[in-house]
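For reference, the structure discussed in these notes is given below.
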Amino acid sequence: MTSAPVPCPAGPTTLLVIAKEPLPGRVKTRLTPPFTPEEAAELAAASLADTLLTVLTLPARRRAVVLAGRPGPWLPRGVEVVEQGTGGLDERLAAAFDGCRGPTLLIGMDTPQVSAAHLAPALAPTAWDDHDAWFGAAEDGGFWALGLAVPDPALLRGVPMSVPETGAVQRARLTDAGLRVGELPVLRDVDDAGDAAEAAVKAPHGRFAATLARLSGAAAR
């Protein structure tokens with residue numbers, strides 16, 4: 001297990017990270033090339049580790065990684081592991097929310113630059129006083145964060161995933177249901193090498209940035 005800070009005091013919200021076990025050939029395939037499948041998996045593990053360490057610094061009632069696969073050394077103490085459901089991504093996200101009660105915020109593992117400041121509006125003591133949902137759009141048209149005051153899996157089932165209109169369709173689901181939606185900052189997912197370089201600049205002191213610098217340096221030699 002990786003070293004981790006002492007978890008932050010409890011808050012009103014369950015905080016989930018949806019993730020895949022970082023195995024070569026199964027994660028970050030768009031990083032190959034320029035990186036090998038093994039190097040892409042290293043970057044995925046670093047991204048996940050940074051995300052989970054950030055989660056530990058945030059006030060939450062419960063902190064969990066909703067995982068497809070097995071935990072590894074990237075998992076810090078203080079984060080629960082929940083088995084990911086089956087089916088398409090919409091079904092797996094829906095199942096993650098269906099396993100929770102009360103306000104729940106779910107984020108992905110593809111934004112290692114995510115910080116406490118990015119998530120603070122949705123985790124404040126008053127976050128749910130005037131909002132029924134929180135939404136964090138991604139630059140590629142998807143979304144990196146979704147929070148629901150009352151977890152309702154029906155709000156996710158059937159949303160087309162991994163297409164340019166994913167975020168717009170998901171957000172429309174929320175507003176069409178009459179929910180008051182708060183906006184989180186727009187972030188850039190790490191999909192290709194350019195995304196990775198940008199994320200490392202945004203969070204230069206994290207494990208992801210260090211891993212990228214090491215792998216890029218090795219490739220240059």
Side-chain angles (χ1 to χ4, degrees), residues 1-5 15-58 63 65-79 81 84 89 92-93 106-120 136-146 161-164 166-167 184-221:
M1 302 294 179
T2 190
S3 60
L15 188 49
L16 305 177
V17 177
I18 188 92
K20 289 181 183 178
E21 181 184 359
L23 296 174
R26 295 189 61 189
V27 292
K28 294 286 160 245
T29 54
R30 287 173 58 187
L31 288 174
T32 306
F35 300 100
T36 68
E38 290 74 19
E39 290 170 338
E42 281 191 66
L43 287 165
S47 179
L48 181 51
D50 282 349
T51 302
L52 294 175
L53 290 177
T54 296
V55 162
L56 285 177
T57 71
L58 299 167
R63 302 170 185 85
V65 56
V66 183
L67 182 64
R70 297 177 297 178
W74 41 263
L75 179 68
R77 284 185 284 272
V79 176
V81 177
Q84 203 174 118
L89 181 55
R92 287 178 277 135
L93 293 175
L106 180 145
I107 66 174
M109 63 176 281
D110 296 332
T111 51
Q113 74 274 34
V114 70
S115 68
H118 292 132
L119 291 165
E139 287 187 12
D140 63 2
F143 62 94
W144 65 271
L146 177 63
M161 295 288 164
S162 302
V163 295
T166 293
L184 296 173
V186 177
L187 293 184
R188 182 174 177 178
D189 283 342
V190 172
D191 289 323
D192 58 28
D195 300 331
E198 167 117 357
V201 168
K202 298 286 187 183
H205 304 298
R207 177 174 166 181
F208 183 84
T211 301
L212 181 64
R214 174 173 55 80
L215 294 176
S216 299
R221 288 197 292 270

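When all heavy atoms are compared, the tightest approach of Leu23 to Ala41 is C-CB, 3.8 Å. Across all non-hydrogen atoms, the minimal contact from Val186 to Ala138 is CG1-C, 4.1 Å. Contact record, Leu89 with Met161: CB-CG, 3.8 Å, taken as the closest heavy-atom pair. Nearest heavy atom pair, residue Thr51 against residue Met109, reads OG1-O, 4.1 Å. Nearest approach of Val27 to Pro22, heavy atoms of both residues: CG2-CA, 3.8 Å. Of all the heavy atoms in Gly136 and Leu184, the pair that sits closest is CA-CB, 3.9 Å.
Evaluation of the salt bridge (charged side-chain N to carboxylate O under 4.0 Å, His left out) rule for Asp191 yields Arg30 as partners, not counting sequence neighbours. Looking at residues two or more places apart in sequence or on another chain, you find a side-chain hydrogen bond (donor to acceptor under 3.5 Å, both in side chains) between Gln84 and Arg92. Partners of Phe208 according to the ring pair (Phe, Tyr, Trp, His ring centres under 6.0 Å) rule, which considers only residues two or more places apart in sequence or in another chain, do not exist here. Here Asp195 pairs with Arg188 under the salt bridge (charged side-chain N to carboxylate O under 4.0 Å, His left out) rule; sequence neighbours left out. With sequence neighbours excluded, no residue forms a salt bridge (charged side-chain N to carboxylate O under 4.0 Å, His left out) with Asp50. Applying the side-chain hydrogen bond (donor to acceptor under 3.5 Å, both in side chains) test to Ser115 and every residue at least two apart in sequence or in another chain returns His118.
Salt-bridge check for Glu21 with Arg26: failed, with every basic side-chain N at 4.0 Å or more from each acidic carboxylate O.
A heavy-atom distance below 4.5 Å is found between the side chains of Leu53 and Pro76. Annotation: side chain of Val55 is in contact with side chain of Val17 (closest heavy-atom distance under 4.5 Å). A heavy-atom distance below 4.5 Å is found between the side chains of Glu42 and Arg214.
A donor-acceptor contact shorter than 3.5 Å links the side chain of Thr166 to the backbone of Val163. Between the side chain of Ser47 and the backbone N or O of Leu43 there is no donor-acceptor pair closer than 3.5 Å. A side-chain donor-acceptor contact under 3.5 Å links Thr32 to the backbone of Phe35. In this structure, Lys20 contributes its side chain and Ala44 its backbone to no donor-acceptor pair below 3.5 Å.
To the nearest 0.5 angstrom, Glu139 atom CD is 9.0 Å from Asp189 atom CG. Atom CZ of Arg207 is separated from atom CG of Leu48 by 8.5 Å, given to the nearest 0.5 angstrom. Atom CG of Leu52 sits about 9.5 Å away from atom CG of Leu15, to the nearest 0.5 Å. Atom OG1 of Thr29 is separated from atom CG of Asp192 by 11.0 Å, given to the nearest 0.5 angstrom. A distance of 4.5 Å separates CH2 in Trp144 from CG in Leu119, rounded to the nearest 0.5 Å.
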With side chain to side chain contact (heavy atoms under 4.5 Å, CB included) as the criterion, how do Lys28 and Asp110 come out once you've worked through the C-alpha distance, each side chain's angles and the decisive distance to 0.1 Å?
CA-CA 9 Å; Lys28 294 286 160 245; Asp110 296 332; 2.8 Å; yes
